[in-house]
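In listed order, ligands and their atoms are each counted from 1. Reckoned from all heavy atoms, side chains included, excluding hydrogens, waters and symmetry mates.
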Amino acid sequence: MLLKPRHVGVLIGSLRHGSLSRKLAKALIARAPATLDCHIIEIGDLPLYNQDLDSSPPPAWVSFRTELEACDALLFVTPEYNRPMPGCLKNATDVGSRPEGTSLFDGLPAAVVSVSPYSLGGFGANHALRQSFVYLNLAVMQQPEAYIGNVSDVMNAHGAITKKETDDFLKTFMQAFERWTSTAQTAAEDFDTFLARREQISSEYIQGKAAPLIAISTASDPATFFPPNGNPVVGAEKVNAANTMSAKIFGKGSVGRFEVFQSGSSGGLGFWTGIQHADMVMEGKEERLTMQLRTTEVFRIEQGEWKLVHRHADMGNVK
Ligand code: FNR
């Protein structure tokens, strides 16, 4: 199994059948790198946001929120109505941001493309959206900006892009957005807090409990484990099976700690390197085993959670 493409929800600020914005959205989707799985989320059936309905939300709100919840990133493609964004798009952002404290936008990477048959390219709508993104805490890509003006001159009636410069720009934009979706990924837990939890999970592992480790391990490839015996385990399924099996040799009463030499996180990745100290009880045996493993672990953010994707453990001292 390969690493899943990031799920990008595309919100379009026009409901009309022949919408130029929808055509442009489809042109962007067609130019997305394979690591982005883009799909349009429809917003035309959302009842107008009304706080009184929060206790019993209309089914269309519920399914819209479910679709948003599954997204790793959002792409907004919108025309301009009397300078800001059309009401349908404002309504969609309101519905997705409520009830208070449950906003589905918090921290999500996003990008905005505005569209107009006129020369200003929907600049006002583009920036009105960006203004509300400040409060929604959407991590919106700054560059390149996309104001697609005179849009009828760059596509034919079927939405095929007829101008090479526009074609090139749309490709460049989607490539930049792909990079942004990985750079701007955030995890619910900051890396240092996660690392403290990882240390705790390591202690549980050497007491025979594999489940907490499996819960923070990726289920998607690429994933690798280079164990002390020198035989690499490749692939998430095999790594998790090996870890589940190995935990059985440990018994209650083991204790362990991490001596971290270096650690850090950036762009959706995190690592630590150092010594894993363990004073272990082996299941069914009397004697204790003291071990120091020279360890490096690499983690990546998947759907807002840190996941172990690589572990390299060399045998240090064993007593
Ligand atoms: C517009 N239009 C428009 N265009 C623009 O560039 N700036 C604007 O402020 C407005 N204002 C505006 C208000 C309203 C109510 C309508 C209906 C239209 C024109 C608009 O860009 C044009 O109709 C686009 O074709 C709308 O986008 P779709 O529906 O083709 O995606």
Side-chain angles (χ1 to χ4, degrees), residues 8-32 36-50 60-61 63-64 67-68 71 73-97 105 108-136 138 140-174 176-177:
V8 179
V10 182
L11 300 177
I12 302 169
S14 170
L15 308 182
R16 75 182 185 93
H17 182 65
S19 164
L20 298 166
S21 309
R22 181 173 288 265
K23 286 176 184 161
L24 196 94
K26 287 184 176 169
L28 286 159
I29 292 170
R31 285 159 181 77
L36 296 184
D37 171 25
C38 303
H39 66 284
I40 294 170
I41 300 181
E42 300 297 346
I43 60 171
D45 291 335
L46 294 175
L48 280 182
Y49 180 72
N50 174 346
W61 289 9
S63 52
F64 174 67
E67 284 189 84
L68 281 184
C71 291
L74 294 173
L75 174 62
F76 293 80
V77 184
T78 187
E80 180 175 271
Y81 276 10
N82 304 317
R83 293 298 174 242
M85 77 292 258
C88 63
L89 196 50
K90 178 69 171 70
N91 185 49
T93 56
D94 291 342
V95 171
S97 70
F105 298 117
L108 268 192
V112 185
V113 177
S114 55
V115 178
S116 174
Y118 309 116
S119 57
L120 292 182
F123 178 91
N126 194 309
H127 284 259
L129 265 180
R130 285 169 185 274
Q131 185 181 350
S132 67
F133 290 174
V134 174
Y135 186 73
L136 295 175
L138 276 163
V140 64
M141 181 170 78
Q142 303 297 341
Q143 292 291 337
E145 296 157 271
Y147 313 104
I148 311 297
N150 302 314
V151 66
S152 316
D153 299 344
V154 302
M155 61 168 69
N156 67 19
H158 305 292
I161 303 297
T162 51
K163 201 170 166 193
K164 180 164 182 337
E165 295 93 280
T166 307
D167 182 28
D168 289 346
F169 174 72
L170 299 184
K171 281 183 194 145
T172 303
F173 184 88
M174 290 309 279
F177 185 44

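Under the 3.5 Å distance criterion, the side-chain polar atoms of Lys26 are left unmatched by any main-chain donor or acceptor of Ser21. Looking only at distances, a side-chain donor or acceptor of Asn156 sits under 3.5 Å from a matching main-chain atom of Gly159.
Of the candidates Lys90, His127, Glu80, Lys90 is the only one forming a side-chain contact (heavy atoms from CB on, under 4.5 Å) with Met85.
Taking distance alone, with nitrogen or oxygen atoms compared against 3.5 Å, Arg22 stays at or beyond that limit from ligand 1.
Taking each heavy atom of Thr93 and Phe105 in turn, the nearest pair found is O-CE1, 3.2 Å.
Nearest protein heavy-atom neighbour of atom 14 (C) of ligand 1: Tyr81 CD1, 3.7 Å. Of all protein heavy atoms, the one lying nearest to atom 6 (O) of ligand 1 is Ser116 OG, 2.7 Å. Protein heavy atom at the shortest distance from atom 26 (C) of ligand 1 is Pro79 CB, 3.7 Å.
Atoms of ligand 1 found under 4.0 Å from any heavy atom of Pro117, numbered from 1 in the order shown, are 21 (O), 22 (C), 24 (C), 25 (O). Close contacts of ligand 1 with Ser21, meaning ligand atoms under 4.0 Å from a residue heavy atom, involve 27 (O), 28 (P), 31 (O). Close contacts of ligand 1 with Tyr118, meaning ligand atoms under 4.0 Å from a residue heavy atom, involve 4 (N), 5 (C), 6 (O), 19 (C).
Atom 29 (O) of ligand 1 lies below 4.0 Å from at least one non-hydrogen atom of the protein.
The aromatic ring centres of Phe76 and Phe133 sit less than 6.0 Å apart.
The shell of residues lying under 4.0 angstrom from ligand 1, judged by heavy atoms, includes Asn82. Heavy-atom separations between Gly122 and ligand 1 are all 4.0 Å or longer.
Looking at Arg22 and Glu42, a side-chain N of the basic residue comes within less than 4.0 Å of a carboxylate O on the acidic one, giving a salt bridge. Comment: Lys163 does not engage Asp167 in a salt bridge, judged by the lack of any side-chain N to carboxylate O separation of less than 4.0 angstrom.
At a heavy-atom distance under 4.0 Å, atoms from both the backbone and the side chain of Ser19 approach ligand 1.
In this structure, of Arg83, Glu80, Met85, Arg16, the residue bringing a heavy atom nearest to atom 4 (N) of ligand 1 is Glu80.
Around CG of Asp37, the count of heavy atoms belonging to other residues, nucleotides or ligands within 6.0 Å exceeds 12.
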